[in-house]
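Chain identifiers are assigned alphabetically (A, B, ...) following the order of the sequence lines, protein sequences preceding nucleic acid strands; residue numbering begins at 1 within each chain.
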Amino acid sequence: MQNNCTINVENSINSGQVFLWRKNNDIWYGVNGQDILKISKVGKIKSYQNIKTDFFRKRDDIEKIIKSISKDSVTKKAVKQYLGLRILEQDPFQCLISFIVSSNSNIQKIKNSLEKISKKFGEKVEFENQEFFLFPKPEIIAKASINEIKSCGVGYRAKFIKEAANMMALKKINFEYLKKCNYQDAKEEICKIPGVGNKVADCILLFSLNKLESFPLDRWMIRILEKYYSDKFQLETKSITEKQYEILHEKIVNHFGPYAGYAQQFLFKMERENYQKKWL
DNA sequence: TTGTGTCCTTTTTG
DNA sequence: ACAAAAAGGACAC
């Protein structure tokens, strides 16, 4: 039975949130930190490490969230069209590195780089008769040389990746604490990590640290706001400054409410599909 | 074919 | 303070 609670696995994975995923015979397999997940078409999850995860955030009251974010005709349309889309709850360290890699890049390249990073520094495991590489532990990347990291095709981001891993290894960042504290404080903390600016921070907060009010403003979202919301949020330029980002985020939360992140995901998915952009 | 623009941005420089 | 440039490289057109 289709209803508002039915999860669409394909749309959720193919929405720019995760990168280390592949599909075999209608079954999705993906790396999630030190775990591998197998997800059937109907969303049944099997974990390599037998860890219980709420990958699809079933604890969220999705009916309530959809009601809450459906503030205008554009969002209503996006929600209706991609009803089963969900925010995925990822391993925070993998998410951090993924979105540092993502800056000024594209999905294909991000996936390629992350695969190389996993293969080079991660532990090889076998699951369901397939070979996988777990996502590397921070200590391993922290000890690697810049050139070794560069060989994964990440270019100038290599030093950010090494430093981010180092901050994790030295326990300068405490994800468990950041999951519990408020949006502003968590954002301030992770923006201290090199390679993490406003947009990357919002991705990490939304996709791994439980901050549903974060609303990553990338090129696409700016384009969407200009196209459909020019009356609500006036935008001056293409690339926005730090201050403009903050002001805009405040206006967005005012409009969409505390689950703005879900609205962002539905809108992003809709527009990328409209332009027939490729996913994984 | 070879060339050019585009990428889910951040940091550095002027 | 703030705009502009620089920072891989793959890929589409």
Side-chain angles (χ1 to χ4, degrees), chain A residues 11-21 78 82 85 87-88 90 94-117 120 144-165 167 187-208 211 214-228 235-249 252 260-280:
Chain A
N11 280 345
S12 300
I13 290 173
N14 273 328
S15 66
Q17 302 183 62
V18 291
F19 305 95
L20 289 174
W21 286 76
Y82 299 99
L85 179 62
I87 300 287
L88 304 174
Q90 304 180 39
Q94 182 176 335
C95 190
L96 165 66
I97 301 301
S98 297
F99 285 95
I100 289 176
V101 169
S102 83
S103 83
N104 193 22
S105 192
N106 55 63
I107 288 176
Q108 277 70 36
K109 215 179 88 182
I110 298 161
K111 183 183 182 183
N112 193 257
S113 294
L114 291 173
E115 276 174 351
K116 284 180 180 162
I117 288 172
K120 195 169 177 74
S145 74
I146 298 287
N147 279 336
E148 279 178 295
I149 300 170
K150 269 191 183 165
S151 75
C152 300
V154 297
Y156 63 93
R157 306 171 193 83
K159 65 172 190 285
F160 302 152
I161 293 168
K162 183 177 163 76
E163 188 49 35
M167 287 175 79
K187 185 159 184 178
E188 212 168 291
E189 276 304 301
I190 59 170
C191 281
K192 290 177 182 166
I193 303 168
V196 178
N198 265 314
K199 187 270 175 183
V200 170
D202 274 329
C203 286
I204 299 164
L205 292 171
L206 180 58
F207 303 144
S208 72
K211 303 292 177 278
S214 60
F215 192 103
L217 287 163
D218 65 342
R219 270 186 166 84
W220 280 90
M221 289 312 300
I222 297 291
R223 210 176 298 173
I224 289 165
L225 296 181
E226 281 171 344
K227 187 170 167 185
Y228 304 110
L235 296 153
E236 292 116 52
T237 46
K238 297 160 222 157
S239 54
I240 54 170
T241 65
E242 211 167 313
K243 261 182 203 160
Q244 287 175 302
Y245 192 107
E246 261 175 63
I247 294 163
L248 192 51
H249 180 260
I252 281 165
Y262 269 93
Q264 182 272 349
Q265 207 55 37
F266 281 107
L267 292 168
F268 182 75
K269 175 71 176 170
M270 179 180 73
E271 199 67 355
R272 299 268 306 191
E273 290 288 349
N274 285 347
Y275 281 85
Q276 303 189 314
K277 300 300 284 185
K278 289 206 178 99
W279 302 105
L280 295 178

Touch check for [X], heavy atoms < 4.0 angstrom, all strands: base, sugar-phosphate only, or nothing?
{"X": "Asn198(A)", "value": "sugar-phosphate"}
{"X": "Ser98(A)", "value": "nothing"}
{"X": "Val154(A)", "value": "nothing"}
{"X": "Gly153(A)", "value": "nothing"}

Which one, [options], comes nearest to the side chain of [X]?
{"X": "Val200(A)", "options": "dC7(B), dC8(B), dT9(B)", "answer": "dT9(B)"}
{"X": "Phe160(A)", "options": "dG8(C), dC8(B), dT11(B)", "answer": "dT11(B)"}
{"X": "Cys203(A)", "options": "dA7(C), dC2(C), dC8(B)", "answer": "dC8(B)"}

How long is the line joining [atom1] of [X] and [atom2] of [N], in whole Å?
{"X": "Ile100(A)", "N": "dA7(C)", "atom1": "CD1", "atom2": "P", "answer": "20 Å"}
{"X": "Lys192(A)", "N": "dT10(B)", "atom1": "NZ", "atom2": "P", "answer": "18 Å"}
{"X": "Asn104(A)", "N": "dA10(C)", "atom1": "CG", "atom2": "P", "answer": "14 Å"}
{"X": "Glu242(A)", "N": "dT9(B)", "atom1": "CD", "atom2": "P", "answer": "16 Å"}
{"X": "Gln90(A)", "N": "dC8(B)", "atom1": "CD", "atom2": "P", "answer": "17 Å"}
{"X": "Tyr275(A)", "N": "dC13(C)", "atom1": "OH", "atom2": "P", "answer": "14 Å"}
{"X": "Asn106(A)", "N": "dT9(B)", "atom1": "CG", "atom2": "C1'", "answer": "13 Å"}
{"X": "Asn274(A)", "N": "dC8(B)", "atom1": "CG", "atom2": "P", "answer": "15 Å"}

Taking [M] as the reference, what is the distance to [N] when you measure between their [atom1] atoms (whole Å, please)?
{"N": "dC8(B)", "M": "dC2(C)", "atom1": "P", "answer": "28 Å"}
{"N": "dT10(B)", "M": "dC11(C)", "atom1": "P", "answer": "24 Å"}
{"N": "dA1(C)", "M": "dT9(B)", "atom1": "P", "answer": "26 Å"}
{"N": "dA10(C)", "M": "dT2(B)", "atom1": "C1'", "answer": "16 Å"}

query = Do you know the tightest heavy-atom contact between Val200(A) and Ile100(A)?
reply =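 That would be CG1-N, 4.0 Å.
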Arg157(A) side chain near dA7(C) phosphate (N/O to OP1/OP2, under 4.0 Å) =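 Looking at the OP1 and OP2 atoms of dA7(C), neither is under 4.0 Å from any side-chain N or O of Arg157(A).
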request  = May I ask you to say whether Lys269(A) pairs ionically with Glu273(A), meaning some side-chain N is under 4.0 Å from a carboxylate O?
outcome  =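 Salt bridge: yes.
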task = By nearest nucleotide on DNA chain B, pick out whichever of Pro194(A) and Arg272(A) is the more 5' one.
result =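 Nearest-nucleotide comparison on DNA chain B picks Arg272(A).
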request  = May I have the step-by-step check of side-chain contact (heavy atoms from CB on, under 4.5 Å) for Ile107(A) and Phe19(A), ending in yes or no?
outcome  = CA-CA 7 Å; Ile107(A) 288 176; Phe19(A) 305 95; 4.3 Å; yes
task = Begin with the C-alpha distance, continue with both residues' side-chain angles, and end with the deciding distance and a verdict on side-chain contact (heavy atoms from CB on, under 4.5 Å) for Ser105(A) and Arg157(A).
result = CA-CA 11 Å; Ser105(A) 192; Arg157(A) 306 171 193 83; 4.1 Å; yes
inquiry  = Just checking Phe268(A) against Phe215(A), ring centres under 6.0 Å apart?
reply    =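 Between Phe268(A) and Phe215(A), the centre distance exceeds or equals 6.0 Å.
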message = If the glycosidic angle sits within 90 degrees of zero it is syn, else anti. Tell me which applies to dG5(B).
response =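 That one's anti.
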task = Return the 5'-most residue of the pair Lys109(A), Lys278(A) with respect to DNA chain C, ranking by each residue's nearest nucleotide.
result =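 This one resolves to Lys109(A).
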message = I want to confirm an ordering. Mapping Gln108(A) and Ser103(A) to their closest nucleotides on DNA chain C, which one lands closer to the 5' end?
response =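 Nearest-nucleotide comparison on DNA chain C picks Ser103(A).
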inquiry  = I'd like to know if the side chain of Gln17(A) reaches the main chain of Phe207(A), judged simply by a donor and an acceptor atom lying under 3.5 Å from each other, with no hydrogens or angles considered.
reply    =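 Answer holds: no.
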ask   = Step by step, would you call Trp21(A) with Lys111(A) a side-chain contact (heavy atoms from CB on, under 4.5 Å)?
value = CA-CA 9 Å; Trp21(A) 286 76; Lys111(A) 183 183 182 183; over 6 Å; no
From Arg272(A), Lys277(A), Glu271(A), residue fulfilling side chain to side chain donor-acceptor pair (under 3.5 Å) relative to Asn274(A) =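 Single side chain to side chain donor-acceptor pair (under 3.5 Å) partner of Asn274(A) among Arg272(A), Lys277(A), Glu271(A): Glu271(A).
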query = Under a 3.5 Å cutoff on both atom distances, Watson-Crick or G-U, what's the dot-bracket for DNA chain B ([ ] crossing, | other strand)?
reply = ..|||||.||||||
Test log, rule side-chain contact (heavy atoms from CB on, under 4.5 Å), inputs Leu217(A) and Asp202(A) = CA-CA 8 Å; Leu217(A) 287 163; Asp202(A) 274 329; over 6 Å; no
